[in-house]
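Below you'll find the structure, written out as structure tokens, and then a few comments.
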2 protein chains.
Amino acid sequence: MSDLVTRLRRHNWRITPQRRVIAETLEGSHVHFTAEEILERAVERMPELSRATVYNTLNEMVALGEVLELTLDGRSKRYDPNADHEHHHLICEGCGLMKDVHAMADPVDWLPGDERHGFSVTRASITYRGLCPECQAAAS
Amino acid sequence: MSDLVTRLRRHNWRITPQRRVIAETLEGSHVHFTAEEILERAVERMPELSRATVYNTLNEMVALGEVLELTLDGRSKRYDPNADHEHHHLICEGCGLMKDVHAMADPVDWLPGDERHGFSVTRASITYRGLCPECQAAAS
DNA sequence: TCCTAGCTTAGACTATGTCTAAACAAAGAA
DNA sequence: TTCTTTGTTTAGACATAGTCTAAGCTAGGA
């Protein structure tokens, strides 16, 4: 049973077969897929599924607040089904491997008032960068 | 005199007229331009300048470490000439306005060892999101 | 049953960025 | 000076990621 599907249903969102396949594909993996990767995997289960439906569905899930959109490499967006859970990202500059990580406090607390320029700051995310164990070994 | 040009020259990088115009366009503004915006403005000073040269030059300046590449909205990359200066970004979710900000400490220190997954973590950047004063006023 | 609203589809279109091949430019050698 | 080498610039083709459109489809209510 998909937790994401349950959360989506709470918004009175119609769960069509296409949307179910997309949600389950998104949730069934530990990595954050791009839209194309989700399309590729979902099509294995539902061959007639179209590219437009995948893009539409992902955008709607983001708008509902149940999926996070990540733009970390400047190429394509990635989708993270863990929308409620506060976390950050660690990226390998060698191979692009990405991990979810947790910091010790909320970075919003570390932005002084005089650096806020009158904004109401609601959230903050940290992108850590470095080399994963494999790329460190390859570089030495 | 452009400080960025001086820094680029230190790398024994040939400062051609095209490269100078691009560097000065990049540095002469307080906002972070996209490649297309830089092209548009640089062409006013040098009409024969090509798109490929702008993209090549920006990528080379990033590779030299003198310019930062930002991918904050998932659409197009933006370029920040302040590469040496440790700072983060505050973005308005209403209108996209972006400000440079400074946090009170280095977020690398706030990532526990058991959250590093064996990576050598070299840097971290924080993206703060909220609403700017104008968008707060418009929303209320 | 029919109607209606919303969903899905294929493919055209747009935006952003990269690649290629040829022309050009600068600096050193003869 | 002319030749050669190396690096730079150019126009335009190409690639990739994502959006839009118009038509058809589907589920649920009247």
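Lettering of chains follows the sequences in order, A, B, ..., and the numbering in each one begins at 1. Just so it is clear, the model here is predicted, and its values are computed rather than measured. Computation of the quantities below employed the complete heavy-atom set of this structure, encompassing side-chain atoms and omitting hydrogens, waters and symmetry-equivalent molecules.
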*Spell out, yes or no, whether B:Met46 and B:Leu26 are grouped together once hydrophobic residues are joined by side-chain heavy atoms under 4.5 Å, including indirect joins.*
yes
*asked:* Please report the distance, rounded to the nearest Å, between NZ in A:Lys77 and P in D:dT16.
replied: 19 Å
*Measure from CG on A:Asn59 to P on D:dC20 and round the result to the nearest Å.*
9 Å
*Round to a whole Å and report the spacing from CZ of B:Arg75 to C1' of C:dT14.*
12 Å
*Rounded to whole angstroms, how far apart are CG on A:Leu39 and P on D:dA17?*
12 Å
_Gap between atoms CD1 and C1', on B:Ile22 and D:dT8 respectively (whole Å)_ = 11 Å
*Grab the CZ-C1' distance between B:Arg20 and D:dT8 for me, whole Å please.*
16 Å
*Using modelled atom types only, decide if a donor and an acceptor are shared between the side chain of A:Glu115 and the backbone of B:His102 within a distance under 3.5 Å.*
yes
*asked:* With a 4.0 Å cut-off on N to O distance, would you call A:Arg19 and A:Glu60 a salt bridge?
replied: yes
*Within this structure, what is the CD-to-C1' distance between B:Glu37 and C:dA15, rounded to whole angstrom?*
13 Å
*Could you give the CD1-to-P distance, from B:Ile15 to C:dA25, as a whole number of Å?*
19 Å
*Side-chain N or O of A:Tyr55 less than 4.0 angstrom from OP1 or OP2 on D:dG18?*
yes
_B/S/- contact track for nucleotides 6-11 of chain C, protein heavy atom under 4.0 Å_ = -SSBB-
*Among all residues two or more places apart in sequence or in another chain, which pass the side-chain contact (heavy atoms from CB on, under 4.5 Å) test with B:Ala42?*
B:Val21, B:Thr25, B:Leu49
*What about A:Val108 and A:Leu111, same hydrophobic cluster or not, with Ile/Leu/Val/Met/Phe/Trp/Tyr joined at side-chain heavy-atom distances under 4.5 Å?*
yes
*asked:* Applying the side-chain contact (heavy atoms from CB on, under 4.5 Å) criterion to B:Thr127, which one of B:Leu90, B:Leu70, B:Ile91 satisfies it?
replied: B:Ile91
